[in-house]
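Excluded from the calculations below are hydrogen atoms, water molecules and symmetry mates; all remaining heavy atoms, backbone and side chain alike, are included. Treat the numbers as computed from the prediction; the structure is a model and nothing was measured.
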Amino acid sequence: MIRVLIVCSWGMSTSLLVESMLEAAAARNYTLSVEALSAGEYMDRLDECDVVLIAPQIRHLRKSIERLAQEAGKPVALIEPFHYATMNGEAVLEQVLLLLQETQEGQAQP
Amino acid sequence: MNAMIEKSSAWFERYLVPPLSAIASNIYLQAIRDAFIIFTLPLIIAGSIFLIIANPPIPALAQFLQAHAGIQNAILVPFNLSFGLMALFLAFGVAYSVAQYRRTEPVQPGVLAMVLFLVASMPVTNLNSLTLGTILPYLGGQGLLIAILIGILTSEVMRWFRSSRFTIRLPKSVPANVKRAFEALVPAVLLITTIWLLEWFVSSHTVTTTDSSGHRVTLQLTLPILLMKVFEPLVVVQDSYPAALLEIILMMLLWSVGIHGMNIVTAIAAPFWFSTLAANAAAGPAHAHGIVTEPFFHIFAHLGGSGATWPLVIYMLRSRSAQLRTVGKVALGPAIFNINEPVTFGVPMALNPLMMIPFVLVPVTIVTINYLAFSFGLVHVPMVMQPFTVPVGISGFVATGGDIRGSLLQFFDLAVSAVLYYPFFKAWERILIAREEAAARGESERATATKAVSSVSSGAGRGALSR
């Protein structure tokens, strides 16, 4: 089970991406849960996720989100704007998997 | 052309993004915006439904209700106790959101802020002699500024007490909930006392104003009335063409560098927008005159999403560029509901010096046209609040309280947008087609698998964008 937290603006456009990610995950036999929350709401949910993604339209908050995510020990990255634009769940899922892989490798050799 | 475009985007990224980001990431501005969006907007929209019923767009029904004021007043009760109390809920929302950004317990400051707001709004007198009607405007649109100030104050004071020595400490064995209640006691009593004494002093003075029906009345002064007196000039200035122009330019500059512009300008302008909107709602469709409100932007300027990009989606669907066609297909559904992140980041408009020109210019033109149309009375001013996702055509009718010319204005704006965007779209399309052809030539030398170019593979689209 991979739990993804997407921090976005008002959650409207991200909900479309979430659907596409769930489809992509189902096609590749991953169990995925994705939660899209606004920049004011995500903090309390940091502990209950594995990966944090940032929607491109709030990249001005990137630093503060990255700091909180790192404090909680979660890998974090900005969603590639074009993938976000085309609601490319497949590519974003790939990004999530890559992030998780990198974290595991990092933990293996401290 | 390509090199120039890349150079100027790097320049924007370096010099334009940091100052805009700094404003946008201010904690108080974020909290105010969240408070409006999460806590008050649903109530304002719900209340708006009753406002429409009380002022129906069907002449026969409207005449009936005018003749039977009792029925109209009855329909307005739920409106007055939701839309009409927006400042009360805003006080909760601001305190709650600030606490959340500060990562402390949010409900207690939220509830306390509501109490403090009520203390600030009621003149210190025999409460039996008060009539709700005189207080009501200041619990709604006229009380937004004091609600915001009290919300911030409550959260920050409670946070300070929690981290200081001046709080009641209980042994570790006491359950967390009980402990929290006691911790809140000292700041709660202190804040209530302070606001109450301040209000007592203020309400020993009187003020003469005109009420909604134009009569001059003498009232006991309260903190919201006092604050409104101080800020009145600002509210008036905000409801003007230069202010509207400034706001739309700021919104679109932010979006031009890929930051949510509407979101950020809302944080600054919302108290003024909703103050004006509440005045419109109270005045009714015949007498409302405030122009620069939330629907002025969300419903009448951002047609198909920020930047009025609806026509671009249509152009893209028939484009010869694979990238634009891909984006167009994804963008169509969201555009109906005025969501355009696919356009902004897919065309892209953001950080694209060529498309940034109309991205700012088109909304500026539309705002100008609309301001003129509203100020000459060609169309009723917006007075109803609805979600920004209501499709173009319907939303213009509803926002104006049922004026079909509201929809016509939206369609006229769309036509203007279509004309202004066209030359820029064509120029950008030529650049993309040239890039795609160059990429295809490179690829066909390597392999016969050229299917990828014509398929919807986003990989092909992305390659064309970034290389």
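- Using a 3.5 Å distance cut-off with no hydrogens or angles, the side chains of A:Tyr84 and A:Thr14 do pair a donor with an acceptor.
- Contacts from residues 100-107 of chain B to chain A, taken as heavy-atom pairs separated by less than 4.5 Å, involve B:Gln100, B:Tyr101, B:Arg103 in sequence order.
- Ionic pairing of B:Glu156 and B:Arg159 is present here: one or more N-O contacts between side-chain nitrogen and carboxylate oxygen are shorter than 4.0 angstrom.
- Residue contact with chain A, scored on non-hydrogen atoms closer than 4.5 Å, is absent for B:Val343.
- Heavy atoms closer than 4.5 Å to chain B are found in both the backbone and the side chain of A:Ala39.
- Without hydrogens or angle criteria, B:Asn340 side chain to B:Ser306 main chain gives a donor-acceptor distance under 3.5 Å.
- Only the side chain of B:Ile264 comes within contact range of chain A, judged by heavy atoms closer than 4.5 Å.
- In this structure, chain A has heavy atoms under 4.5 Å from both the backbone and the side chain of B:Asn263.
- In summary, of the residues considered (B:Leu43, B:Ile38, B:Ile44), a side chain to side chain contact (heavy atoms under 4.5 Å, CB included) with B:Thr40 occurs for B:Ile44 alone.
- A salt bridge links A:Arg28 and A:Glu94; the closest N-O separation between the charged side-chain nitrogens and carboxylate oxygens is under 4.0 Å.
- Counted by atom type alone, A:Glu35 and A:Tyr42 present zero donor-acceptor pairs between their side chains at under 3.5 Å.
- In the model, B:Ser321 has a side-chain atom that pairs as donor or acceptor with a side-chain atom of B:Glu436 under 3.5 Å.
- For B:Ile37, the part lying near chain A is the side chain, with the backbone staying farther off; criterion is any non-hydrogen pair under 4.5 Å.
- For chain A, no part of B:Ile27 is nearby; none of its heavy atoms comes within less than 4.5 Å.
- Heavy-atom pairs under 4.5 Å with chain B were tallied for A:Leu61, A:Asp44, A:Ile58, A:Leu68; the largest tally goes to A:Leu61.
- A side-chain donor-acceptor contact under 3.5 Å links A:Glu41 and A:Ser38.
- Under 3.5 Å, the side chains of A:Ser9 and A:Gln57 contain no donor-acceptor pair of N or O atoms.
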